[in-house]
Amino acid sequence: MSKTTNLTRRDFIKVVSVAGGGLVLGFYLPSQEESLASESRAAAAFEPNVWLKIDQEGFVTITVARTELGQGVRTALPMIVAEELEADWSKVRIAPALADPTKYGSMNTGGSTSVRQSWEPLRKAGATAREMLITAAAQTWNVERTACRAEKGLVIHIPSGRKFAYGQLVETAAQLPVPTEVSLKDPKDFRLLGKSIPRLDVPEKVYGSAIFGFDMKVPNMLVAMVERCPVFGGKLKSFDASKALAIKGVRQVIEIPSGVAVVADSTWAAMQGRAALAVTWDEGPNAGLDSASIHKMFEEKSQQDGKIVRQEGDAASALATALKKLEAVYEVPFLAHAPMEPMNCIADVRQDTAEIWAPTQAPQWAQSAVAQVVNLPLEKIKLHTTLVGGGFGRRLMPDFVVEATHISKAIGAPVKVVWTREDDMHHDFYRPASYHRFEAGIDKNGQVTVWKHHLVAPSISAQLFGAGEQQGNPDAVDGAAQIPYTIPNILVDYVMANTAVPAGWWRSVYNTQNAFVNESFMDEIADAVGADPYELRRRLLPEGSRLRGVLELVANKAGWGKPAVTGRSRGIACHFCFGSYFAEVAEVSVDNAGNVRVHKVVVALDCGPIVHPDLIHSQVEGAIALGLSAALKGEITIDKGRVVQSNFDDYPLLTLEEMPKVEVHILPSTEKQGGIGEPGLPPIAPAVCNAIFAATGKRIRRLPIRAEDLKRSF
Amino acid sequence: MPATTLTVNGKKHFVEVSAGTPLLWVLRDTLGLTGTKFSCGRGLCGSCTVHVDGEATRSCVLTIEDVKGKKITTIEGLAANKKHPLVAAWIAEEVPQCGYCQPGQIMQAAALLKQKPHPTDADIDAIMSTVLCRCGTYLRIRRAIHRAAKEGGGK
């Protein structure tokens, strides 16, 4: 017990339930972490909290206020509480939280924030409960509390060896005042934290008994599918439901704000009913929109001066006097999230309440969106967060929840709205496309003197919440403004270029585009000055910096500088985002037809104190897979105002045979804790593209990587 | 709506659904077996994989007529044996992330092991690349299949 933490008035700790139910503590803790991610910037200003409940049998129920997306929060967050509580892990249970506007702080699962925002408050939560249990035991035995300690769900009186199980102490503990100061454990005494204990959600996911949103059922539930205008911004003109209504099992066809809903007894009847609809759309002002016109708009905007987001030295004059100048334009496409579980939601809207079951990453946003539709106060909206079959940022948006609410409200019955893969692909909030103009200057000594990055992209927050957001720090420059290299003259500026294509947060958000372009252009500079790409980066990163630490580690582990397996080439990239530092080396080969094979990826990372190493490994493996899907295949294109791709045949995902070996090295660190869900993703595209350059001499400046750009001519 | 007889996980069911109903929706909506997942609806991703007379098949593109009188096994049937080598291996390797595709992965892997009790990496590539995972659990799927093979998962 080395560290003492003062709980301030702002902590608002309360004992909220006493009689019979055991010890229940609610913690309302403010943020200690500045929002790094765009999504958290848009979120409410509260912080995570925890509820822990110990019953008389000694079972500890820990309420998890974040969404389990596969990243393991339903294991990691309880571990943090259990560690300080000195709980018996086998007696820990979890309960997903109902949406609440204030009780838990932000419930958003985005921005790789779940663990790092919960670390302090959850430790305090566990420690406070532990201290109260120790006091309860000491009072009962009438001994000094310093003669007692807690261990594995027991309080032990050290001199006599007497023991109380936590369950025996809960009633006494619940009568005690909540301490304002608690000691947190010395990390060297951690029993759970830092260990890869089995995840709690794995067995049911293997048995097929895990219930995702799509699998949920409530009594008397109907199923609905919605036909939506394929053109962004289009409106319903008219529809003929007669053929749909003739299908057995179809109950009703109704108009809702997002389109025409077919309500039926079963999913298949709803699908058939929807297929039988005849709908006429007013395609609106975007009917002529296509990828070429968006590209042209970006290009035109790139001629304008942007809002300066980073300025050091005088880039213009330094460029004028540079011995050598480099210029490059990079382009990155729109992407869909395409989680395996399509959007869905159950709504049961009654006269003065609404109950919702939603696979959402943002229960509070969903709750408030529902409240607006049904015109009821938030406390009348009971919103359950289900297990989620993949999120990647898509499920921060409440559109599918709103849809279910409208339908249930209109028909006066519980209903599950389900989307098909095509619905999902055509009505996503896409990772924005972007356009980047770079210039670099090199002096007579071969030193990099100028870094200029002129960025053109839609702003997610401006498109979703209005341009006001742009008065502050534009979201699109995340990962671009923070260029980590020591270069005397830096200019990063941004031109907002919004489109009618809905924009959303896609795992690691703008860091996907900006790490790709930054780290590719840095490789171009290395080539221009004849430097080794690793050595140049290392030289330009401050000595002792965490990013340099992971860069050195990855180079060492990947055998940088030593020959690769015959036929393979290596590329390196590093990036900081969401509080964590990542460096990656990709080993790649390119065949004569231009096909790229990624054989191996070595990753080094520094995310500060660790909860569960295997969760870090699996998140990094996942980030590499998603990043490779994007780099090698991912592209959403627009034609006639609509998305061209519709399913996994024209929007292919990485397959098992294409998955490289992934080696993950965690740099032990007691520095500030960072996130882990997202930051592994940004470096993979540039690492692969830099390896392609090493293999072929061809520079990839637009994603996805295309075989035709790499085909060897004989 | 004619009644059709199906044998699912060793149990006979008489189901009355309209002609052409995909097996997937019969399993999920009619029989309540929601372990088999809907994702692409076109046989492109494998999330809905079940065994029909022992063969791994995409249940989203099979109709009720296609499976009349046939023996169907879903994840619930396979995992009824918690000691099944694939079930044990999937848990030991902590394969799932979101978990949505995993029933399909396991059903495909079970069919693979039946054909090739000791598959090579190339065998795994050839068969398992037809089942998509967006979370990127592929390396663990490969490890779990090798582990299950060692434990006699093909039997």
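A note on names: the letters A, B, ... follow the listed sequences, proteins ahead of strands, and every chain is numbered from 1.
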Quick one: [atom1] on [X] to [atom2] on [Y], what's the gap to the nearest 0.5 Å?
X        : Y        : atom1 : atom2 : value
B:Met107 : B:Leu86  : CE    : CG    : 9.5 Å
B:Glu55  : B:His51  : CD    : NE2   : 9.5 Å
B:Trp25  : B:Thr36  : CH2   : OG1   : 11.0 Å
A:Arg395 : A:Leu69  : CZ    : CG    : 8.5 Å
A:Met216 : A:Ile346 : CE    : CD1   : 5.0 Å
A:Leu653 : B:Arg134 : CG    : CZ    : 5.0 Å

Pick whichever of [options] has the most heavy-atom pairs under 4.5 Å with chain A.
options                                : answer
B:Ile106, B:Thr21, B:Thr137, B:Val87   : B:Thr21
B:Ala122, B:Pro96, B:Ala80             : B:Pro96
B:Cys98, B:Gly32, B:Pro103             : B:Cys98
B:Val131, B:Thr130, B:Asp125, B:Asp121 : B:Asp125
B:Glu94, B:Gln102, B:Gln105            : B:Glu94
B:Gly99, B:Ala79, B:Cys133             : B:Gly99

Minimum heavy-atom distance [X]-[Y], with the two atoms named:
X        : Y        : answer
A:Pro359 : A:Asn344 : CD-O, 3.0 Å
A:Thr385 : A:Arg74  : O-NH2, 3.9 Å
A:Pro414 : A:Val218 : CB-CG2, 3.8 Å

Enclosure of B:Lys82 NZ (heavy-atom neighbours >12, cutoff 6.0 Å):
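Yes, NZ of B:Lys82 has more than 12 neighbouring heavy atoms, counting only those of other groups under 6.0 Å.
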So does A:Lys195 have more than 12 non-hydrogen atoms from other groups sitting under 6.0 Å from NZ?
yes
Relative to chain B, which segment of [X] carries a heavy atom at a distance below 4.5 Å: side chain, backbone, both, or neither?
X        : answer
A:Ser209 : neither
A:Glu422 : side chain
A:Lys217 : side chain
A:Gln272 : side chain
A:Val662 : both
A:Ala269 : neither
A:Asp201 : side chain
A:Val388 : backbone
A:Pro652 : neither
A:Glu621 : both
A:Met271 : side chain
A:Ile247 : neither

Do B:Val15 and B:Ile64 touch side chain to side chain, with heavy atoms closer than 4.5 Å?
yes
Check whether any side-chain heavy atom of B:Val50 sits under 4.5 Å from a side-chain heavy atom of B:Leu27, and report yes or no.
yes
Quiz question: by atom type and distance under 3.5 Å, do the side chains of A:Thr267 and B:Arg28 form a donor-acceptor pair?
no
Is there a donor-acceptor contact under 3.5 Å linking the side chains of B:Glu76 and B:Thr74?
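Present: a donor and an acceptor within the cut-off.
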Go through the atoms of B:Ile124 and report whether side chain, backbone, both or neither lie under 4.5 Å from a heavy atom of chain A.
both
Heavy-atom pairs under 4.5 Å with chain B - which of [options] has more of them than the others?
options                                : value
A:Arg507, A:His337, A:Glu204           : A:His337
A:Gly389, A:Ser618, A:Ser266, A:Gly208 : A:Ser618
A:Met659, A:Arg199, A:Glu68            : A:Arg199
A:Leu654, A:Asp649, A:Thr420           : A:Asp649

Can you pull out every ring-ring contact (aromatic ring centres under 6.0 Å, His included) where at least one residue sits in residues 85-135 of chain B? Sequence neighbours excluded, please.
A:Phe212-B:Tyr100
Contact listing (chain B partner; residues 626-634 of chain A; heavy atom under 4.5 Å)
A:Leu626, A:Ser629
Name the one of B:Cys40, B:Ser39, B:Ser59 that satisfies side-chain contact (heavy atoms from CB on, under 4.5 Å) with B:Ser47?
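Per the side-chain contact (heavy atoms from CB on, under 4.5 Å) rule, the option paired with B:Ser47 is B:Ser39, out of B:Cys40, B:Ser39, B:Ser59.
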